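One structure is given below, encoded as structure tokens.
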Amino acid sequence: MNMKLTTFFLFLFFINTGFSQDYDITSKLYGTYEKYKEEKLDKRRIKHHEIQPLIAKHAANPLFTVTKVGESIEGRDLKLISIGTGDTNVFLWSQMHGDEPTATQAIFDIFNFLASNGFKSEKQEILSNLTLHFLPMLNPDGAERYQRRNLLGVDINRDALRLQSPESKTLKRVRDSLEADFGFNLHDQSTYYNAERTEKPATISYLAPAFNYEKDINETRANAMKIIVFMNNIIQKYAPGQVGRYNDDFEPRAFGDNIQKWGTSTILIESGGYSNDVEKQEIRKLNYVSILSAFYTIAEENYKEIPIEEYSKIPENDRKLFDLKITNATYHLLDKAYKLDIGINRLEVDKKENTDFWYSSRILELGDLSTYYGYKTLDATDYTIKQGKVYPNELHNMDDINQINAIDLLKQGYTYLRVARLPLEKLESPIPMNIIGSTYKVPEFLLQIGINPTFLLEKDGKPEYAVINGFLLDLNTGEGVFNNAMIYR
Ligand SMILES: [Zn+2]
């Protein structure tokens, strides 16, 4: 075969498999995302009342059908939003865990995309072959409190058989009424998951849940695996190495496993962590791009060519990440010196109304952490851990803090600042020093699991780094990510 003909057949191959077109639509979706992003949703702690006007906006568009399909325990409406005229039914539900909102936001981006004038031929392809059904924020009572469980204290994802929660009953009833061909079960996972034996966070994790203890693969499950392979290839372009595969042990009480069993090809998507993306807005974008691309491949049916062996090549999920990992630090205890690694996580504490949060960090692990990774790692060889001192001059009130140069005081070895009049409503210190009340006695420093990580790292007796409430600051440059320190009364 001559070169020209080979090229021609290669061209035909790509057209037939649709790979070239899928690649094309994916990069186009990524590049134009800002046009479709639902700007009214821009952080994780979204509430049911915030999405109602957005649903109402789309309900006014004749393309969409909005149906009330149930109510939460506290009486919040659960709504199904449908679009398309195709024979293949695709059902997506998000946020059955109230504190897992990333895909809910992506769903509203997808609505804006579907309602827009752009991507005409691709949308025609999707909406003539598929009917899409979305049930965003299945657990609005949990979202209100930014908690996993519903108001009954039940994990909806363990209620697929007993069906005690109205939210579970709704999900089951909608699934059965649609007899959907494909199901997307949309969650968030901890940001501390990584792709096995790598320092890469599992930004997205997938699972084609098993439908029995034997983990058999029938056509339903195989199709889910193929779609996952397809989506994994997309995520790899934008977050290389940052995909994990969930353990597929059968959980008889979970929705994903049962919906697979009931005949809907079920794809679990977990949004995890991404460096410097606290509100998960980049991960939301990856949801948008990969889910829309998946619709396209389902519509074109070219996913069928994908070999399922590719599924098991996706690295497994592991949970070996810390926000901050410090290695080889010298620690003095009872006049002896030890070498230690320290694993630190910055834990979120919700403020009243659960619309915002502050950080109260913890030491999670100590010792040899060579099998762990950090979003940020500091090699502290040659550095000694030292407790910070209390600054001797007591401030009158919180306003006086503005006159303090915290980096200067940290360099002098002070990590605590006394303030005489501390307002009760103040939860966190805005400067990188812990604030203490007039009579507060700072406990003797002892490195232990569970303590707040606040200390200095000295070289030749001089503090060069400060760790304040788990935030690492370079005292020579003043650089470092910092959100808040602690207040102790
Ligand atoms: Zn979940």
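It should be emphasised that the depicted structure is a prediction, and the values quoted were computed from it without experimental measurement. First listed ligand is number 1; within each ligand, the first listed atom is number 1. The analysis underlying the following values was restricted to heavy atoms, covering all of them including side chains, and did not include hydrogens, waters or symmetry mates.
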Quick check: Y372 with F322 (ring centres under 6.0 Å apart)? yes
Can you tell me if Q260 and R221 form a side-chain donor-acceptor pair at under 3.5 Å? no
Here the Zn ion (ligand 1) sees protein N, O or S atoms within less than 2.8 Å, and their number is 4
Within the 6.0 Å centroid threshold, strictly below: Y288 and Y33: yes
Quick check: F134 with F91 (ring centres under 6.0 Å apart)? no
Between Y206 and R245, is there a cation-pi geometry (under 6.0 Å to ring centre, at most 45° from the normal)? no
Tell me if the centroids of the rings in F211 and F250 come within less than 6.0 Å of each other. no
